[in-house]
S.K.: 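One structure, pasted below without further comment.
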Amino acid sequence: MRNPLRILSIEDDPKDSKLIQDLLETEDIVCEVTRVDTQAALLTSLEQGGIDLILADYTLPSFDGISALKLAMTACPEVPFIFVSGTLGEEVAIEALKIGATDYVLKTRLSRLVPSVVRALREAGERAERKQADEKLRRSEAYLTEAQRLSQTGSFGCNLSTGEMFWSEETFRIYGYDPSTQPAVERVLQRVHPEDKPLVQEQIDRASRDGKGCHVECRLLLPDDSVKHVRIVAHASKNESGITEFIGAVMDVTAAKQAEGKLRRSEAYLAEAQKLSRTGSFGWDVATGEIYWSRETFRIFEYEPAGNVTIEQIVQRTHPEDRLAVQQLIERVSRERTAFDVEHRLLMPDGSAKYLRVVGHPSRNERGSFEFVGAVTDITESKRAEEALRLSESYLAEAQRITHTGSWVWEVEGRDAVHLSEEWYRIYGFDPAEGVPGYEKRLQRVHPEDRAGWQEAIERAIREESDYEMEYRILLPGGVVKYIRVVGHPGLDSSGEVLQFVGSSTDITESKRAEEALRRSEQRWETAFENSAIGMMMRDCSDRFIASNSVFQKMLGYTESELSQLSNEDVTYDEDRRANLELIRELLEGRRQHFQIEKRYRRKDGSLLWVRNNVALIPGIGEAAPFLFAVVEDITQRKQEESARRYSEERYRIVVETASDAVVSIDESSTILFVNPATSRIFGYDASELIGQPLTTLMPDYMRELHEAGFKRYLDTAERHINW
């Protein structure tokens with residue numbers, strides 16, 4: 001699994017950082033983005049390190065992009081620094097590049113970001129590799145120089161019979177003694193490393209016993225705990241007195257020992273550098289056919305690093321479609337002895353393909369034979385990156401189509417367009433096959449009523465060398481009108497003159513129509529709200545009034561500003577508050593979608609007002625909070641009529657039930673609906689026996705027909721006769 005690319009985003013808009021991260025990850029660049037927008041946060045991130053790439057806006061709330069660039073160049077100059085800004089002018093961009101910025105990308109042309117990032121990372125990797133190689137070379141040379149300087153040889157003489165010993169000044173330096181110190185064998189043994197002391201003691205004893213010279217290598221452990229490697233060589237001879245003495249040399253071979261270890265590491269570093277850069281080296285003696293490959297070259301070709309490499313093996317690995325061209329190249333350079341630089345593919349055993357770049361340079365070796373020395377680089381990833389770029393450009397075209405946004409570039413001189421995207425042609429109704437439309441043709445597309453403003457905005461941007469943004473209409477053939485939003489950015493030359501403008505045109509017709517529809521809808525709503533014949537009001541979720549129409553205000557006798565200082569509870573009659581609050585709670589908890597309640601308001605003058613409230617919870621949209629909407633109907637008169645009716649009915653009931661005469665109520669079919677107690681006393685029937693029976697039940701037979709005829713006549717004519 002690849003480690004994510006660690007990006008430091010110097011950006012005050014989180015949305016832009018997120019957009020950039022999404023764009024990079026769309027191109028398979030997995031990344032972790034840390035966003036900072038202040039100088040203090042930037043310094044903290046730089047001190048923490050671990051940054052692979054810095055992307056910076058130029059304009060920030062508390063400091064500018066150039067200051068951020070200078071801080072980054074001081075803290076981590078090896079990290080690529082790319083400006084991603086909508087306000088970076090050409091002059092500032094040049095200054096930034098001089099200071100050390102890697103590149104700059106306009107926010108209006110984010111399609112350049114991925115290639116810029118890929119290139120910056122590749123160049124940073126190459127710089128790091130070159131720096132590492134240079135450092136290794138420098139260290140290697142320093143080791144050699146240090147080894148030459150430190151390979152000093154001290155001389156000594158020793159008379160073992162008397163213990164007398166002579167040291168040269170270099171010997172004192174090697175052993176770490178002051179030249180005033182009396183040299184002695186014991187002082188030699190005192191400096192010898194404990195692990196090597198038995199070996200040195202044995203050599204001294206044998207030399208003393210046999211009178212022969214010695215040759216030994218050992219380590220010295222100095223007072224500062226440093227260790228030196230020395231080689232001691234001595235031979236025995238007799239002086240003029242016939243006494244055997246030893247004369248020899250002690251050589252500080254520490255540098256040589258260290259150089260041996262460092263050389264081994266250097267070779268390992270070189271192999272690792274080739275592996276990381278996927279670049280192998282080769283040598284080819286044309287006369288003998290002998291070929292040398294580095295370990296990385298073997299890895300690229302996926303051959304085991306053993307045995308002799310042959311031309312046949314190279315051709316065998318070459319992709320069949322490229323094989324003939326490679327064979328012809330080998331034959332040509334063998335004959336002409338010329339440098340070559342070629343790209344071709346390999347077909348690997350697992351069926352996959354690799355892209356190679358092979359560069360060779362002719363020279364003569366120390367034997368005088370003609371040979372090629374060169375490099376083999378695995379460029380598969382860069383080839384895939386090129387393909388990804390092509391895909392990215394197609395994605396950009398599709399994105400422009402979906403978002404109805406076309407891109408363009410036009411030159412100040414002559415106002416000629418040098419680039420118009422496919423979507424631009426579609427928006428403005430031009431045919432790309434007919435060529436790039438000139439300034440006059442583009443001007444004619446602008447709606448006549450907007451043409452002067454369009455020209456003035458462009459001319460002002462040229463004069464002020466500034467960005468411009470405007471909305472205007474275009475008129476297409478056939479009379480179709482579109483609304484367009486244009487954003488332009490000037491491109492300056494090294495002298496600060498405006499050469500061209502780059503920007504985008506977005507078809508905002510649909511949004512304009514939506515805005516107009518919304519405006520009309522809001523206007524209709526405001527008109528209906530204010531001119532409604534019934535009361536309307538809105539309350540927030542804490543039940544405080546936030547809006548009301550004039551009808552509602554008149555109902556309660558308050559102005560709108562007075563109501564805004566009150567809650568619904570403040571104007572609700574005490575006995576009705578609990579029921580009202582319970583219904584509101586159920587509404588806010590989602591147990592109801594709306595409710596209806598009849599209750600009393602206490603008006604500003606203290607009088608009571610009966611109302612019917614229909615209340616609904618309107619959900620929040622976007623940043624707008626939810627609120628309660630209520631339609632309020634004044635039902636005071638109905639309540640008074642109902643009270644009067646109940647009073648009248650109660651009086652009637654008392655009169656009827658206490659009357660001494662029979663009182664009977666029938667419907668239009670002459671069916672008994674009600675009888676009073678007197679009826680039961682007079683006729684001897686229980687009320688349950690009469691209700692539901694015809695009225696003729698209480699009449700003698702000879703009157704029934706007369707009653708029925710008279711009742712029918714009454715229903716038909718509403719006329720009554722005295723005998724009926």
Side-chain angles (χ1 to χ4, degrees), residues 1-38 40-58 60 65 68-69 71-85 100-107 109-132 272-279 299 352 354-355 377-393 395-396 399:
M1 183 177 180
R2 294 180 300 172
N3 291 328
L5 182 66
R6 296 163 298 184
I7 298 176
L8 177 60
S9 174
I10 307 173
E11 173 62 62
D12 62 326
D13 190 345
K15 293 180 181 178
D16 285 359
S17 290
K18 184 65 171 60
L19 174 63
I20 290 170
Q21 182 173 5
D22 291 344
L23 177 61
L24 293 174
E25 292 186 345
T26 300
E27 300 304 325
D28 201 28
I29 300 177
V30 180
C31 55
E32 292 178 354
V33 178
T34 300
R35 186 182 68 84
V36 298
D37 58 3
T38 65
L42 172 60
L43 288 171
T44 299
S45 295
L46 293 176
E47 289 174 359
Q48 292 173 348
I51 303 169
D52 298 320
L53 175 66
I54 298 175
L55 301 178
D57 196 351
Y58 175 69
L60 298 164
L69 173 60
L71 291 174
M73 289 299 99
T74 301
C76 50
E78 72 284 357
V79 176
F81 189 109
I82 300 176
F83 276 106
V84 183
S85 175
T102 307
D103 200 353
Y104 70 95
V105 176
L106 298 177
K107 287 184 177 179
R109 299 189 64 188
L110 284 180
S111 60
R112 290 190 58 246
L113 180 59
V114 173
S116 178
V117 168
V118 171
R119 183 175 65 254
L121 293 175
R122 184 182 68 247
E123 291 175 354
E126 292 172 352
R127 286 195 301 272
E129 291 168 3
R130 287 196 300 270
K131 181 179 178 181
Q132 187 179 24
E272 184 66 15
Q274 288 198 351
K275 180 180 178 182
L276 292 174
S277 63
R278 298 179 180 173
T279 299
R299 193 198 65 77
S352 63
K354 284 185 180 180
Y355 288 84
T377 304
D378 183 348
I379 59 172
T380 306
E381 287 192 4
S382 64
K383 283 292 185 181
R384 289 173 179 166
E386 291 175 6
E387 178 62 24
L389 178 59
R390 287 192 293 272
L391 285 174
S392 176
E393 291 173 345
Y395 294 155
L396 176 61

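Just so we're clear, the structure is a prediction, and the values are computed from it rather than from any experiment.
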S.K.: What I want to find out is whether E78 reaches K131 closely enough, with some N-O distance under 4.0 Å, to be called a salt bridge.
M.R.: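 Between K131 and E78 there is no salt bridge, as every charged N stays at least 4.0 Å from the carboxylate O atoms.
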S.K.: Taking only residues two or more places apart in sequence, or in another chain, which ones meet E387 in a side chain to side chain donor-acceptor pair (under 3.5 Å)?
M.R.: R390
S.K.: Going by the rule salt bridge (charged side-chain N to carboxylate O under 4.0 Å, His left out), which residues pair with R6 if we only count those two or more places apart in sequence or in a different chain?
M.R.: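 Partners of R6 under the salt bridge (charged side-chain N to carboxylate O under 4.0 Å, His left out) test: D52.
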S.K.: Evaluate the side-chain contact (heavy atoms from CB on, under 4.5 Å) criterion for residues R112 and D103: first the C-alpha distance (whole Å), next the side-chain angles of each, then the deciding distance (0.1 Å), finally the verdict.
M.R.: CA-CA 10 Å; R112 290 190 58 246; D103 200 353; 3.5 Å; yes
S.K.: Closer than 3.5 angstrom, by distance alone: can the side chain of T380 be matched with the main-chain N or O of Y355 as a donor-acceptor pair?
M.R.: yes
S.K.: Holding to ring-ring contact (aromatic ring centres under 6.0 Å, His included), I want the full list of residues that pass it with Y104, two or more places apart in sequence or in another chain.
M.R.: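 Expected list: none.
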S.K.: Going by side chain to side chain contact (heavy atoms under 4.5 Å, CB included), I10 matches just one of L60, L69, D37, D57. Which one?
M.R.: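 Going through L60, L69, D37, D57 one by one, the side chain to side chain contact (heavy atoms under 4.5 Å, CB included) with I10 is satisfied by L60 alone.
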S.K.: With I7 as reference, evaluate I82, V117, L24, I29 under the side chain to side chain contact (heavy atoms under 4.5 Å, CB included) test and give the passing residue.
M.R.: L24
S.K.: Does L23 have any side-chain contact (heavy atoms from CB on, under 4.5 Å) partners at least two apart in sequence or in another chain, and if so, which?
M.R.: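 Here the qualifying residues are L110, L113, V114.
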S.K.: Got a sec, which residues hit side chain to side chain donor-acceptor pair (under 3.5 Å) with S352, two or more places apart in sequence or on another chain?
M.R.: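 Testing S352 for side chain to side chain donor-acceptor pair (under 3.5 Å), a comparison that skips the adjacent residues, returns D350.
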S.K.: Under the side chain to side chain contact (heavy atoms under 4.5 Å, CB included) test against L8, which residue among V36, L53, L55, V79 passes?
M.R.: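 Answer to the side chain to side chain contact (heavy atoms under 4.5 Å, CB included) test with L8 among V36, L53, L55, V79: V36.
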S.K.: Counting only heavy atoms not in R299, do more than 12 fall under 6.0 Å of its CZ?
M.R.: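 Counting other residues, nucleotides and ligands, CZ of R299 exceeds 12 neighbours.
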S.K.: Under the side chain to side chain donor-acceptor pair (under 3.5 Å) test, which residues partner R35, sequence neighbours left out?
M.R.: none
